[in-house]
Amino acid sequence: MTTGKIRVRFAPSPTGLLHVGNARTALYNWLFARQAGGDFILRIEDTDIQRSEKRYERQLMEDLHWLGLDWDEGPDEEDRPEKGEFGPYRQSERQKIYLEHTLRLLEEGKAYRCFCTPEMLEAERAKAQADHLPQVYSGRCRELSVREIKRNIQAGMPFAVRLKIGEEPLRFNDMVRGLVEFPAEAVSDPILVRSSADEHPGMPVYNYVVTIDDALMGITHVIRGDDHISNTPKQVAIYKAFGWSVPKFAHLSTILGSDRERLSKRHGATSISSFREMGYLPEALVNYLALLGWGAEDGKTETFTLPELTKAFSLKRVTPSPAIFDFDKLNWLNRYYIKQSSPARLAALAWEYFGGLLPAKEVASDAVLVWFAHVVALFAPYVDHLDQLMTKAIFIFGTDPDAARRNPENAAILALDSSRIVLAELAARCRAFGGIVTPEVFKAWMKEIREATGVKGKDLFHPVRIAITGTHSGPEFDKVLPLLEQGGRLNLGVPSVQQRVWRFVGV
Ligand code: GLU
């Protein structure tokens, strides 16, 4: 590319769900491109035919969209055509390009056919091990004559294609780690194309195709996980063999769990889709992913929207040390963004968690939508992620009096004489009343009951709360009561205050 435009890519393999580590890679690439007015390219690395699946490809595109990351060039999606002039953007559709390049390297003598069998290679490895030498390929097939090669091909001998590595050490300047250098012997002659009995070479390997694609797509900066550091010298050697300019590299640190082991399912959710299903907001996740290995210039700001990140982000502030995934911090950010969200948005997101208790959202009346938004607004301050709302708010849809009585804490409260007397008074008032139990009505009742029985404070309120909500604690009663009364009139099967008391006291 001669334009000097920054071009980066995110190159996931569609072999599983998008992991937070890869999502962070995508985010850093995206931020880097957007900040510089460059291009962000999505390339699907689906050469592992056995493990690549369309559903993972679809899911990862959906997850990127959900996070708010768009791409300037990439493969086709559903009804949308492929974007960009450097396609195809799926490696499985680029085999012809790889083959042409392999033939070119063979012709130019930069690569050679290797006829060594797995047994020969194994014997070589074992000997190197016994002699305490590096276990690398000896380069035996480098010097085969044209006649020998021809004869082997005609005899149908399978061959791989290997790159000839020179004597020079292989180095690259990493934007996060500084100069990285590998001695040529440690790299030896890497396989570019796996063994095939065919006249044509077999499957090209990751290091090879990634280099061809990055070069042909004009990628200027390769930002990816540090698990690829040891691959990079091989890729540098491939760039050089083709005479291509080498892009800049930035390798991001590994993400670890709190026990300093590589982050895995053992630590909790790790895929973007599972965080989404749990009711994390995309802006919280994006914000948190940005902080996994990068920090603000002022050393303290921690809340950033995507546009704010685009301004503030810098690869210079990305640390090479491992990042520890801190679920508490993510929860803190999620609570922060929940607080910033409108009740209508939260209600729309929370709807699915109340499946079975609510009508389908599309057919719900305005009154139900508004009521549910109030329910969500009342409980949202008490949750880390939205799927916890259901447990907090379930009592609104009715409680099971027997289960409430069996709860040991409740049982202790209900066993008090004062509780029995208070509940009898409350039931009597409910019986005699035909209207809506507003907070005012309720307050007046509680005052009367206190005066009539002499019971006050916790002894007065706890049994009443248990009867109405199933537990002795919860959000302010002034806010809960209207939701119960309004809910009771919406045909959702939500019992009114009176019905709750009657059911509990057994009138
Ligand atoms: N498909 C590779 C991966 O998912 C991409 C590596 C790279 O960015 O070069 O790890």
Side-chain angles (χ1 to χ4, degrees), residues 6-33 38-54 56-61 63-64 67 69 71 73-75 86 88-95 98 170 172 174-177 180 182 187 190 192 194 203-239 244 246-255 262-264 270-273 289 293 315 318:
I6 282 183
R7 286 174 60 83
V8 294
R9 74 342 184 244
F10 175 52
S13 307
T15 52
L17 295 173
L18 181 62
H19 184 271
V20 284
N22 280 337
R24 181 194 57 176
T25 298
L27 174 65
Y28 282 17
N29 273 286
W30 186 93
L31 291 171
F32 187 70
D39 294 328
F40 175 67
I41 294 144
L42 174 67
R43 184 174 70 227
I44 302 293
E45 305 217 317
D46 58 351
T47 41
D48 185 342
I49 312 160
Q50 249 106 57
R51 292 175 55 228
S52 294
E53 289 186 39
K54 270 282 168 219
Y56 290 134
E57 184 185 305
R58 269 195 301 273
Q59 181 70 49
L60 81 89
M61 289 188 190
D63 290 344
L64 291 175
L67 289 169
L69 308 184
W71 48 95
E73 297 172 28
F86 297 86
Y89 293 93
R90 278 187 196 88
Q91 288 186 331
S92 58
E93 295 164 18
R94 297 174 63 82
Q95 296 298 323
Y98 306 139
L170 289 155
F172 59 94
D174 192 288
M175 294 172 79
V176 177
R177 283 148 217 273
V180 184
F182 288 80
V187 179
L192 302 181
R194 281 199 197 91
M203 277 305 278
V205 304
Y206 156 74
N207 277 314
Y208 185 45
V209 296
V210 83
T211 307
I212 295 177
D213 290 346
D214 284 343
L216 297 187
M217 293 182 183
I219 300 303
T220 57
H221 296 74
V222 171
I223 306 169
R224 61 184 169 197
D226 63 3
D227 46 331
H228 289 291
I229 290 183
S230 59
N231 288 321
T232 310
K234 295 176 192 161
Q235 297 176 15
V236 168
I238 297 168
Y239 281 104
W244 290 329
V246 181
K248 294 206 164 64
F249 292 97
H251 286 99
L252 311 175
S253 61
T254 315
I255 300 179
R262 199 172 238 284
L263 185 70
S264 72
T270 56
S271 69
I272 297 301
S273 45
L289 291 177
L315 274 181
V318 168

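Ligands are counted one by one from 1 in listed order, and the atoms in each one are counted from 1 as well.
- Ring geometry, Trp244 versus Tyr239: the interplanar angle exceeds 60°, so the pair is classed perpendicular (tilted spans 30 to 60°).
- A salt bridge links Arg43 with Asp214: the distance from a Lys NZ or Arg NE/NH1/NH2 to an Asp or Glu carboxylate oxygen falls below 4.0 Å.
- Smallest separation of non-hydrogen atoms from Ser52 and Asp46: OG-CA, 3.4 Å.
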Extract all N/O-N/O pairs under 3.5 Å that connect ligand 1 to the protein, and present each with both atom names and the distance rounded to 0.1 Å.
| unit_1 | atom_1 | unit_2 | atom_2 | d |
| --- | --- | --- | --- | --- |
| ligand 1 | 1 (N) | Ala11 | O | 2.8 |
| ligand 1 | 1 (N) | Ser13 | OG | 2.9 |
| ligand 1 | 1 (N) | Glu45 | OE1 | 2.7 |
| ligand 1 | 8 (O) | Arg9 | NH1 | 2.6 |
| ligand 1 | 8 (O) | Arg9 | NH2 | 3.3 |
| ligand 1 | 9 (O) | Arg9 | NH2 | 2.9 |
| ligand 1 | 9 (O) | Tyr206 | OH | 2.7 |
| ligand 1 | 9 (O) | Arg224 | NH1 | 2.8 |
| ligand 1 | 10 (O) | His228 | NE2 | 2.8 |

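- Between Asp226 and Ser253, the closest heavy-atom pair is OD2-CA, 3.4 Å.
- Aromatic ring centroids of Tyr206 and His228 lie under 6.0 Å apart.
- With Phe86 as the aromatic partner, Arg7 meets the cation-pi criteria of under 6.0 angstrom to the ring centre and within 45 degrees of the ring axis.
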